[in-house]
Amino acid sequence: MKKKLSPARKRLLYVLIGSSLFWHTPVITYAEDTAVTAAAAGETDSPAGSAAQTTAGQREFSLEGIEVTAGRDTLPPVYAGGQVARGGNVGILGNKDFMDTPFSITSYTAQTMEDQQASTLYDVLSNDSSIRFTTSNGHFVEMYKIRGLDVSYQHLYFNGMQGLAHFDHIPVEFLERVEVLKGPSSFLYGGVNTSVGGAINLVPKRAKEEDSNSFTADYTSSSQLGGHIDIGRRFGKNKEFGVRFNGVYADGDTETDGQSKKRQLGALGLDYRHDRWRLSLDAFSSEESFDNGSVAMYGLAGGYVKAPDGSTNVFPGIYGKGRNNGFLFKSEYDVSGNVTAYASMGKLANRGTGFLSGTNVVGFKSNGDGTISMLKQNWWQDSVAAELGLRGNYRTGAVNHQLAVGYNAMDTESAFAWNRITGIATNIYNPTSLASYLAALPTPSKSAKTSETNLSSLFIADTLSFNEEKVQLTLGVRQQNVQTKSFNATTGAVTAKYDEDATTPAIGLVVKPWDAPVSFYANYIEGLSPGSEVTNVDAVNYREVFAPYKSKQYEVGAKWDHGTFANTLSFYQIEKPSVITLTQSDGTIKVSDDAEQRNRGIEWNAFGAINDKVRLLGGIAYTRAEYTRDVSTKQGNTPYGVPKYQANLGVEWDTPWNPDLTLSVRAIFSSSQYVDSTNTVKIPSWVRYDIGAKYKTVVNKVPVTFRASVENVFDRNYWSGLFADGYATVGGPRTFKLSASMQL
């Protein structure tokens, strides 16, 4: 008997077949391609948008009175100071300069990750004033808020593709960029997701023109030792073929009392570029495990309690392990001088066992007493994603067009099995031994599939440029289909399902009214999110899946590029349907999706080099969040975990007495925030200071860079944010980092 393919898998097969048809379809033109001499790097003398202007890798010709120009979609260059790039990936719009993007976007570079000795995404995104973390520092899973709205670790992007980014801690040693685009993103990147506040895209490293060999040895307190090897090569007559390998191994005790952690990464990036073809393949495998404890989330709904030390371990003896294996193949082919066809396909397999989440201390009191709740888990998720599309550049009269049409699909299957134990009395200053409880709590068997999601969408977007590109208008629409099913793990019977289409539009405008480097922008964009699954095990409708919902963003802003220093100013409003937890008349708890949250905010970001010795990276964010539609008593309240003010400021200084010595300081601030949606408890404001130093030298003819940093210099104990309604998270303790990077 033949096995039937799911609808999503059929669509993925059609994508691959369709891509081969696109690549081999003959294209008829009525004018010859005219060779164009590549412009010199950095040349900007030709007026923007003029008919004579060309850039490296472009071709120009006329088609019955229509002027057409097409070029490769390359990674935006690094901005002055090296901490961020000039732009980033804007989904179906491709890579764009930040001055030509009708959204707020920041792209952190590999140099920033290296200089700050980043090992996970937490370390990189700590630079952004619009982002805060909702899980405790050092927790196995990293969750985020952007613009005061949750962004799940399950809904990040890998090289512009949905469903393929790591779960758990995301290693960053194999990444060239970490790109943050603020606002709903499902139109731009495809599919549906819970990333209403923004999109986080991970860009892998590629082999550069020159061979590279580097090794970094590092130390993180209390005794975590590690090594990172990075090798890059290009081969061929014209260096068409590139290979980049990154390997990481680290092991030892962490800052969490008594806990040890081990992490491993192997990542291979291959690319090929020749004539009209551009191909790449990324494959990675990572594993992280911990033993003897974890940080906790603390229930503070009953009243404010002073934060414990960030190294507190209330869970001695617990353990966990997560593994991610994935690959992504991408291809581009220039069908003609003005049309590029592309196709991509990838897969991610995630496995996790142990006490990976649900490590809570409820009823926490000022004397350290509390009650432990634990989940011992066994989860798995398999995702397959694909895309197929065309990009074309053409000109009609005085209007330039950048057209994109395409198709996305993703098929995800997953299961989550757990055994839970609650009601264990403890004290954080004298934790209860959990040995007998752990012995009595078996590891759940691997579950059969409990959920399935099939996503597919068609999109079209056109960016129209007028008046030498001083006015750029982007119009787009995406038709999306969402199919979700929940299954009984024992019988395999379908317990809930949803199948419906939705259309999400987007409008973006960039205006450059003067010759000065200033651009004004505005956007209206809708995001489609999957209906939330009820994860509260105490709710009577536990595991219920709600219907998908739309979020809407309105945004205006201004950007100023001084050449070496840039500023962006944004004003936005996001309206997002949300869920609420209600206590019914019979005393039972039920989760409902009949609510809405509205976030209004102002953001200012600055980056670049103030002069040849000082670089700055930071910003300020103001957010006014409110429950605007609610059937409970929360109407008009401020959502939990949304500070009104957030600020980040990082400064690097090359010392005048030694140009090879760089000193740095960073401050991170969050104002007070409500612990619960009823607004009865608040955690106070907090500020964290970090310092660092970098020294470049040569040892035995080998260039070496030494780095040292201290995070949370004053070892402050503080509540950093909120994981869920009533559950506060703790900031990390003072942490020392040392490393030595050798260019071999």
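Only heavy atoms go into these numbers, but all of them, side chains included; no hydrogens, no water, no symmetry mates. Just so we're clear, the structure is a prediction, and the values are computed from it rather than from any experiment.
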Within 6.0 Å of NZ in Lys239, more than 12 heavy atoms from elsewhere
yes
Should the heavy atoms of other residues, nucleotides or ligands under 6.0 Å from NZ of Lys347 be counted, would the total exceed 12?
no
Lys/Arg-Asp/Glu bridge criterion (N-O < 4.0 Å) met for [X], [Y]:
X	Y	value
Glu288	Lys261	yes
Lys321	Asp291	no
Arg273	Glu240	no
Asp271	Arg234	yes
Arg351	Asp382	yes

Which of these, Thr134, Val151, Asp150, Thr729, sits in a side chain to side chain contact (heavy atoms under 4.5 Å, CB included) with Met143?
Thr134
Can you tell me how far apart [atom1] ([X]) and [atom2] ([Y]) are? Round to the nearest 0.5 Å.
X	Y	atom1	atom2	result
Phe140	Ser289	CZ	OG	8.0 Å
Trp379	Ser414	CH2	OG	11.0 Å
Thr109	Arg177	OG1	CZ	7.0 Å
Arg233	Lys208	CZ	NZ	14.0 Å
Asp218	Ser119	CG	OG	8.0 Å

Anything under 30° is parallel, anything over 60° is perpendicular, the rest tilted; go ahead and classify [X] against [Y].
X	Y	result
Trp277	Tyr333	tilted
Phe355	Tyr319	perpendicular
Tyr189	Tyr157	parallel

Any idea which heavy atoms bring [X] and [Y] closest together, and the distance?
X	Y	result
Thr495	Asn488	CG2-N, 3.7 Å
Gly266	Phe245	CA-CE1, 4.5 Å
Glu526	Pro184	C-CB, 4.3 Å
Leu164	Ser383	CD2-O, 4.3 Å

Flag for [Y]-[X]: side-chain donor and acceptor within less than 3.5 Å:
X	Y	answer
Asp499	Asn481	yes
Asn523	Gln553	yes
Thr412	Gln381	no
Thr254	Gln224	no
Ser186	Arg478	no
His274	Asn238	no
Gln480	Ser456	no
Thr484	Thr453	no
Glu332	Thr340	no

Does the ring centre of Phe133 sit less than 6.0 Å away from the ring centre of Tyr122?
yes
Can we call the ring centroids of His166 and Phe174 under 6.0 Å apart?
yes
Is it the case that the side chain of [X] and the backbone of [Y] share a donor-acceptor pair, with hydrogens and angles ignored and the cut-off at 3.5 Å?
X	Y	result
Ser486	Ser451	no
Asp282	Phe327	no
Lys205	Gly232	no
Thr101	Asp97	yes
Asn324	Asn350	no
Asp411	Asn454	no
Asn159	Val203	no
Asn127	Val124	yes

Is there a salt bridge (Lys or Arg N to Asp or Glu O under 4.0 Å) between Asp334 and Arg278? Walk through the geometry before answering.
CA-CA 9 Å; Asp334 295 331; Arg278 291 171 299 282; 2.9 Å; yes
Partner set under side-chain hydrogen bond (donor to acceptor under 3.5 Å, both in side chains) for [X], not counting sequence neighbours:
X	result
Thr503	Gln479
Glu179	Asn201
Thr353	none
Thr463	Thr474

Charged tip of [X] within 45° of [Y] ring normal and under 6.0 Å:
X	Y	value
Lys449	Phe487	yes
Lys376	Trp418	no
Arg263	Tyr249	no

Mind checking salt bridge (Lys or Arg N to Asp or Glu O under 4.0 Å) for Arg244 and listing every partner two or more places apart, or none if nothing turns up?
Asp230
Candidate pair Trp380 and Lys446, rule side chain to side chain contact (heavy atoms under 4.5 Å, CB included), full reasoning:
CA-CA 8 Å; Trp380 62 268; Lys446 181 180 178 181; 3.6 Å; yes
Apply side-chain contact (heavy atoms from CB on, under 4.5 Å) to Val243 and list each qualifying residue two or more places apart in sequence or on a separate chain.
Phe235, Phe241, Leu268, Leu270
Should Ile460 and Ile92 count as side-chain neighbours, where that means a heavy-atom distance under 4.5 Å?
no
